[in-house]
Amino acid sequence: MDEEKDLAQRKREAAERAKQLARERLAARQAAEQAKSSDSVPDDGVKAPSDLSTQPANKETDAAQPASAEDLAAAKKRAAEEARAKAAELRRQREAAAGAGAGDDLEAAKKKAAEEARAKAAELRRQREAASGAGAGDDLEAAKKKAAEEARAKAAELRRQREAAASGAGAGDDLEAAKKKAAEEARAKAAELRRQREAAESGAEDDLELAKKKAAAAAKARAAALAKQKAAEASGDDDELAKQKAAAAAKAKAAAAVKARAAALAKQQGGAGDEGAKQKAAAAARAKAAAAGEDGGAAKPSASSPNDPLLQKYVRIIEEHLGPDVLEDAYINRLAKDVPTLVVPKEAYYKVAEFLKYNEQLRFDYLSELHGTDFQTHMEVYVHLYSYPNRQPVALKVKIERDNPEVDSLVPLWPGANWPECEAYDLLGIRFRGHPNLIRIFLGEQWVGHPLRKDYEPYDAEV
């Protein structure tokens with residue numbers, strides 16, 4: 001498009017120049033004719049004979065117009081040809097310039113690629129030589145190869161010198177000496193490498209022996225700790241057995257004393273047939289024997305407590321609404337500040353807890369404590385509740401099987417039971433049904449066993 005515009009522009013310019021040239025020529029001819037006509041006219045106004053040639057002059061003037069048109073056309077043609085020639089020349093120059101530039105770029109790209117390839121090859125060769133040189137000093141085989149190459153290089157150099165000096169005897173001696181020297185260097189390097197390997201193997205054997213000694217010492221320590229633990233457990237079992245025997249003997253003595261007293265009382269009253277007195281005496285004996293015994297570590301009081309009215313109130317309200325079967329036992333726990341304690345079966349645990357919270361007369365709205373205990377024969381979950389509206393406490397206890405320690409969760413009633421139940425699960429393995437996220441919060445899920453169980457054996461004796 002640019003070339004066509006240049007050609008059209010040049011055509012227009014050539015046409016304008018041709019027109020201007022024709023106009024100038026026409027004006028010059030007219031001026032020349034006017035000058036001639038003014039020179040041929042006499043002063044008296046009589047025409048000279050030369051005026052006779054005016055007619056031909058006018059004819060020539062009349063013919064000048066066609067001549068100028070032909071000149072104009074010829075000028076246009078010449079201008080068009082010149083414009084086409086210049087456009088063709090310009091196109092040729094541009095093509096030549098473009099071809100030369102592309103050729104130069106291609107040549108430059110080739111040179112640059114060749115230089116980069118040579119540089120990469122040189123760098124790779126240098127790295128390989130460096131790597132091979134570094135590994136040669138550490139390996140016996142590499143040392144031998146390097147020594148052989150040095151020997152060959154020295155032999156070649158000596159051969160070149162011999163050929164240059166034309167003396168073959170000295171060159172042979174030098175070659176033999178070079179070979180001997182290279183062999184000695186190779187043997188020295190091999191001996192050094194062998195010594196290093198032997199030193200490393202000796203150090204490895206020493207480390208292995210030390211590791212064996214450490215393992216043996218650790219095994220002995222573990223065995224000693226396990227023996228000590230078993231001895232302690234055996235001693236604890238003996239103490240516990242002795243305590244149980246003593247408690248049983250005390251109970252038997254108390255029961256015998258009660259029976260003796262009951263028999264003496266019946267005899268004094270003179271009635272072996274007084275059945276009512278016998279029953280009263282038997283009930284008193286059972287009460288005293290139960291008071292002398294233990295129930296989960298909480299002794300039943302023999303004397304009255306200031307919280308007896310609270311206990312009677314709780315038992316009365318619960319039996320009125322839930323029946324007498326939901327309570328296994330009820331007593332005042334003297335070891336826990338005379339807290340009224342309710343013992344319930346596992347099936348009624350959640351129902352009684354829900355009743356304690358929502359009953360209008362009780363309203364135990366705060367759970368202050370929850371923990372589990374392992375009694376070897378069974379496990380217990382102990383819950384301490386408090387009523388802020390009534391300012392009264394109560395303890396709820398449930399016994400569960402040791403082989404399958406599982407009971408309902410109290411988190412739906414008291415959210416504060418969340419982490420205490422997780423703690424009991426972590427340390428004793430008690431599972432709480434309905435807990436939103438029962439996890440081991442102390443030891444982690446990968447820990448083996450539950451440390452607060454009486455039969456717990458550490459997975460690692462050193463821990």
Side-chain angles (χ1 to χ4, degrees), residues 1-3 6 87-219 444 446 460:
M1 292 297 294
D2 295 337
E3 295 177 359
D6 294 340
E89 180 65 20
L90 181 61
R91 189 183 304 108
R92 188 185 62 77
Q93 292 177 359
R94 288 181 179 175
E95 291 177 354
D104 295 339
D105 294 339
L106 181 59
E107 187 66 24
K110 288 181 179 180
K111 290 181 179 179
K112 187 175 181 181
E115 291 176 356
E116 291 178 355
R118 284 194 294 272
K120 289 182 179 179
E123 179 65 19
L124 183 60
R125 190 182 305 108
R126 186 185 63 78
Q127 292 177 358
R128 287 180 179 175
E129 291 175 354
S132 61
D138 299 332
D139 195 354
L140 178 61
E141 189 65 22
K144 290 182 179 180
K145 290 181 180 180
K146 186 175 181 181
E149 290 176 358
E150 291 177 354
R152 284 194 294 270
K154 290 181 180 180
E157 179 66 21
L158 290 175
R159 191 182 302 110
R160 187 184 61 79
Q161 293 177 1
R162 181 191 60 187
E163 292 174 355
S167 62
D173 296 338
D174 292 339
L175 178 60
E176 188 66 24
K179 287 182 179 181
K180 289 181 179 180
K181 185 177 180 180
E184 291 176 358
E185 292 178 355
R187 283 195 295 271
K189 289 182 179 180
E192 179 66 20
L193 184 59
R194 190 180 305 108
R195 187 185 61 78
Q196 292 178 0
R197 287 181 179 176
E198 290 175 356
E201 291 175 358
S202 176
E205 291 178 357
D206 294 339
D207 293 339
L208 181 61
E209 187 66 24
L210 182 60
K212 288 181 179 179
K213 290 181 179 179
K214 287 183 178 180
Q446 304 301 324
D460 190 348

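Quantities reported herein were computed from a predicted structural model and do not represent experimental measurements. In what follows, every heavy atom counts, from backbone to side chain, and hydrogens, waters and symmetry copies are set aside.
With sequence neighbours left out, the side chain to side chain contact (heavy atoms under 4.5 Å, CB included) criterion links Glu149 to Arg152. Judged as a salt bridge (charged side-chain N to carboxylate O under 4.0 Å, His left out), and not counting sequence neighbours, the contacts of Glu89 are Arg92.
From Glu185, atom CD reaches atom CD of Glu150 across 6.5 Å, with rounding to the nearest 0.5 Å.
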